Amino acid sequence: MQITYPFNDWYYKDTFSPEDIQTTGLDGFIPVTLPHTNREIPYNYFDETSTMFVSCYRKVFSIPEDWAAKRVFLHFEAVASVADVYLNGFHLGQHKGGYTGFTFELTEDLVIVGDNVLTVKVDSTERDDVPPFGYLIDYLCYGGIYREVELIVCDSAYVTAMHITPQNVLEEEKALEIKLWTDSTVEIADAPLTVTLSKDGEVIRTASFIADIPEGKGTIHIALDDLRDIKLWSVDEPQLYTVKVELDDVVVEERCGFREAKFTVNGFHLNGEKIKLMGLNRHQSYPYVGNAMPKRAQERDAEILKKELGVNIVRTSHYPQSRHFLNRCDELGLLVFEEIPGWQYIGDEEWKDLAVQNVEDMIMEGYNHPSIILWGVRINESDNDFAFYQRTNEKAHEIDPTRPTGGVKYIENADFQEDVFVMNDFDTGKYDRSHLDQNLATGLDHDVPYLISEFAGLWHPSKRWDDSSERVEQALRHAWGHDEVALDDRCCGALAWCAFDYNTHFQFGPGDRICYHGVYDMFRIPKPWASAVYESQKDRHKEPVLVPATIWSNGDNDRGGFLPMYIFSNCDYVEVFINGRFARRLYPYRRWFAGLKHAPMYMDRIPKGLWDKWDWMDSEFVGYVDGEAVIRRRFVRNPVPTSLTVKADDTVLRAQNKEEPYDVTRIIFQTVDQYGNSLDYLMDTITISVDGPAELIGPPTTVMQGGCIAAWIRTTGEKGTVKVCAKTSRLESETVEVLVD
Ligand code: GAL
């Protein structure tokens, strides 16, 4: 048997001293549940060094007596950034690096009768011996045991990993290769091995084998062939299969998908079909708690990207991200470009060894995700280092011969050592459509598979409460960028910087420790116009989108007035009415946006005499698809705060379970006007109350940011109904109820 137990209830203190290794008490410790951040921080203008310290986690536990004959392992999914793990005073080992998992065996040092004491020294300082540290970085790494921990109990044989490789994917008769990594205290000859392939609980094939499990570390290879009627995994239909392997008495289960992903000189192809990659970069951080967010929040980010924004690819900038996020990408059909930790800096040999180790760990962990199509094996935006990148590429190909490598460059003519030339091209998305020709970027006289990994970003950040012209400019840069890439047939696609605003060091952004480069803010609330560039590319028959980029006032644009105005929409055309009278019919402006599937619309004039210049009037925008009016947006002439809306992402949460030590959901509050539109310039206080078995993450009283704000609530372990409501200086919201079950 091999059983995994969640191991997420710990004790914590924000100091560490060498005596903590030998002591067993809990004085000075507080109970915490993982994922945990070493220190919660304010939303902005905090001292980012406040999470950079050494802390101590402790867990006291006893084991059943029949574990005397078992092997016991402790697996951490991620600890930021260096962990030293002690069991009953013995040093089990050290792990350096905050973004990949690691395992220690406890067996030898376990007390069978009585208490065992685990002590973890967590160094969250920016140590320059550990990637990504050594120089400045434009994001924060925070601190603590910020992903989950598991205890694994087995007999002599431990299956440490299973990799599943679909074969002959585009042929009728497909196959699967399965590789198991084993670690056994004894040799087990002729062990029975059964493989079961199933889909949605239905068994498709079972096959039995005999395998020899070697003593020590080893691998076992098996294959399933003649697999028919297998559905492909794709972005529209992400079909997933489950492989269960029973080896002796050990059962391991993993999901996989059958798909062929190819980067070519002629664009990207999935299952033989050319797809233009249109995506965004994602940082995994959240307000107050940094990277420490559990399953549901991780999954939600994938849902935002795929369902709300409609992109087909995400880059996990600049490090491997949570398995919950990646699992959801698999389920949703969201392609992933995953990369090793790093930012512009390459350290000494020891540092490089860790980076190569990161390549190995990232691929070992991520291998089975069909969503992952590219491994980033360079330090983001670093200089050339031929020998180093030869090592990272070789390591990636050794573990995963099926996927190409990339690696994000920003200097022209950089060494091309990977399979895909991946470039941060911040010339993309400018008004003059001057993105680098790939041959200029690569310095090569021939074409190579080419992907743009970043554009926009700091070239035009914006906040919800910025002047319209600023916010329109941010949106246009995203639109221009994807438009010109769509017209470049050789380019595989582009990922803009970035999905969500993120905390950073004072050297970046406007000094308040936030980079406002996102098309959503840190609370994952859309910045309506930049996000609409993406939303408006979705299928108009499934989801009509109509977002006039205006706050509908007579004086917010440069030089006053409300024109020109862009409208982000996937409708065939949009009719504009002012004061109830027809003003214009607008069509997609294809002359300016020939590449995007749904070009933005543009209005630079309206007929004269519709209304008196200064007496501002209501307007209405009506979007038509196939001749029918399918969507309307109305704007009021004299907006005033009319109601405080409240919406929970989820109305049912799970109390503690195996997968989720605690659950979270986000509650969004928005002050809207008479027609339900946001009041982007409203700055008002808001006090949020939470009643029931959940607590608020962040302060209860804060300031709405441009008319809205969100807060996550986290479950406390008990079941029941949570009631959440809020009050601003002028309005009170209704109460939203969330059931914790
Ligand atoms: C890039 C970098 C990103 C972010 C971005 C801002 O150079 O890779 O991490 O800093 O700039 O535009």
Side-chain angles (χ1 to χ4, degrees), residues 44 48 98-99 126 131-142 279-285 290-291 313-321 337-346 355 358 374-384 389 406-412 414 418 420-430 435-436 441 451-463 466 470-471 473-478 480-482 485 494-522 527 530 533:
N44 62 354
E48 63 270 38
Y99 298 97
E126 297 194 346
F133 308 122
Y135 181 58
L136 294 175
I137 37 174
D138 173 19
Y139 55 98
L140 296 185
C141 298
Y142 309 95
L280 287 159
N281 286 267
R282 177 206 184 218
H283 266 305
Q284 65 177 8
S285 57
N291 291 335
I313 185 165
V314 58
R315 170 174 168 223
T316 64
S317 49
H318 299 294
Y319 36 74
Q321 299 191 356
F337 167 24
E338 184 156 65
E339 72 182 348
I340 52 170
W343 205 84
Q344 296 196 353
Y345 168 82
I346 301 175
N358 282 332
L374 186 63
W375 298 122
V377 301
R378 284 176 97 93
I379 301 304
N380 172 62
E381 297 187 328
S382 54
D383 288 342
N384 285 329
Y389 289 133
V408 172
K409 307 169 200 292
Y410 71 152
I411 42 175
E412 291 167 29
E418 296 79 28
V420 183
F421 199 105
V422 184
M423 186 75 181
N424 279 356
D425 174 13
F426 284 95
D427 285 334
T428 301
K430 292 200 309 206
H435 84 281
L436 277 179
L451 175 71
I452 296 173
S453 39
E454 287 184 39
F455 71 92
L458 71 84
W459 262 245
H460 211 94
S462 94
K463 309 174 189 74
D466 275 340
E470 297 295 329
R471 293 189 281 155
E473 172 89 19
Q474 188 200 24
L476 287 176
R477 290 196 173 236
H478 284 259
W480 287 327
H482 287 299
V485 170
L495 297 97
W497 190 265
C498 60
F500 312 117
D501 291 348
Y502 54 97
N503 285 142
T504 190
H505 294 77
F506 71 88
Q507 290 90 343
F508 302 90
D512 69 344
R513 319 305 197 271
I514 296 178
C515 265
Y516 294 91
H517 302 168
V519 298
Y520 275 44
D521 68 14
M522 287 217 314
K527 298 180 187 171
V533 169

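Read the numbers this way: they start at 1 and go in the same order the structure lists the ligands and their atoms. What you see is a predicted model, and the numbers here were worked out from it, not measured in a lab. Residue indices begin at 1 and follow the sequence shown.
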Asker: Can you list the atoms of ligand 1 that are under 4.0 Å from a heavy atom of F426?
Answerer: 1 (C), 7 (O), 11 (O), 12 (O)
Asker: Enumerate the atoms of ligand 1 whose separation from the nearest heavy atom of H517 is less than 4.0 angstrom.
Answerer: 6 (C), 12 (O)
Asker: Testing the 3.5 Å rule here: is there a donor-acceptor pair between the side chains of D138 and Y502?
Answerer: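 Looking only at side-chain atoms, Y502 and D138 do form a donor-acceptor pair, the distance falling under 3.5 Å.
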Asker: Give the atoms of ligand 1, by number and element, whose distance to some non-hydrogen atom of D138 is under 4.0 Å.
Answerer: 4 (C), 10 (O)
Asker: Please state which part of N424 comes within less than 4.0 Å of ligand 1, counting heavy atoms only: side chain, backbone, both or neither.
Answerer: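 The answer is the side chain.
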Asker: Quick check on contacts: which atoms of ligand 1 are under 4.0 angstrom from a heavy atom of H318?
Answerer: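 The atoms of ligand 1 under 4.0 Å from a heavy atom of H318 are 3 (C), 8 (O), 9 (O).
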Asker: Under 4.0 Å from a heavy atom of N380: which atoms of ligand 1 are those, numbered in the order shown and with their elements?
Answerer: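 Answer, ordered by atom number: 2 (C), 8 (O).
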Asker: Within a distance under 4.0 Å of any heavy atom of G457, pick out the atoms of ligand 1 and give their elements.
Answerer: 12 (O)
Asker: At under 4.0 Å between heavy atoms, which part of Y410 makes contact with ligand 1: side chain, backbone, both or neither?
Answerer: neither
Asker: Students often mix this up, so state it plainly: with edges at 30° and 60°, are the rings of F455 and H478 parallel, tilted or perpendicular?
Answerer: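 F455 vs H478 ring planes: tilted.
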Asker: Under 4.0 Å, heavy-atom basis, I'd like to know which part of L458 is in contact with ligand 1: side chain, backbone, both or neither.
Answerer: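 Looking at L458 and ligand 1, atoms from backbone and side chain both fall under 4.0 Å.
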Asker: Tell me whether the rings of Y139 and Y319 are parallel (<30°), tilted (30 to 60°) or perpendicular (>60°).
Answerer: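 Y139 vs Y319 ring planes: tilted.
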Asker: Would you please indicate if the ring centroids of W497 and Y410 are separated by under 6.0 Å?
Answerer: no
Asker: Do the side-chain N and O atoms of Q474 and S462 include a donor-acceptor pair separated by under 3.5 angstrom?
Answerer: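 Result is yes, a qualifying pair exists.
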Asker: Tell me whether W343 has any N or O atom under 3.5 angstrom from an N or O of ligand 1.
Answerer: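 Checking ligand 1 against W343, an N or O pair does fall under 3.5 Å apart.
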Asker: Contact between F508 and ligand 1, counting heavy atoms under 4.0 Å?
Answerer: no
Asker: Considering only the protein, which heavy-atom contact is closest to atom 7 (O) of ligand 1, and what is its distance?
Answerer: E381 OE2, 2.5 Å
Asker: With respect to E454, which candidate in V422, N380, L495 satisfies the side-chain contact (heavy atoms from CB on, under 4.5 Å) definition?
Answerer: N380
Asker: Nearest to atom 11 (O) of ligand 1, what protein heavy atom do you find, and at what distance?
Answerer: E454 OE1, 3.5 Å
Asker: Are K463 and D501 close enough for a salt bridge, meaning some N to O gap below 4.0 Å?
Answerer: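 Between D501 and K463 there is no salt bridge, as every charged N stays at least 4.0 Å from the carboxylate O atoms.
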Asker: Under 3.5 Å, is there a donor-acceptor pair between the side chain of E48 and the main chain of T504?
Answerer: no
Asker: Does a side chain donor of either N281 or R315 reach within less than 3.5 Å of an acceptor in the other side chain?
Answerer: yes
Asker: Just to be sure I read this right, does ligand 1 sit under 4.0 Å from the backbone of N281, its side chain, both, or neither, counting only heavy atoms?
Answerer: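 Within the 4.0 Å criterion, N281 makes no contact with ligand 1.
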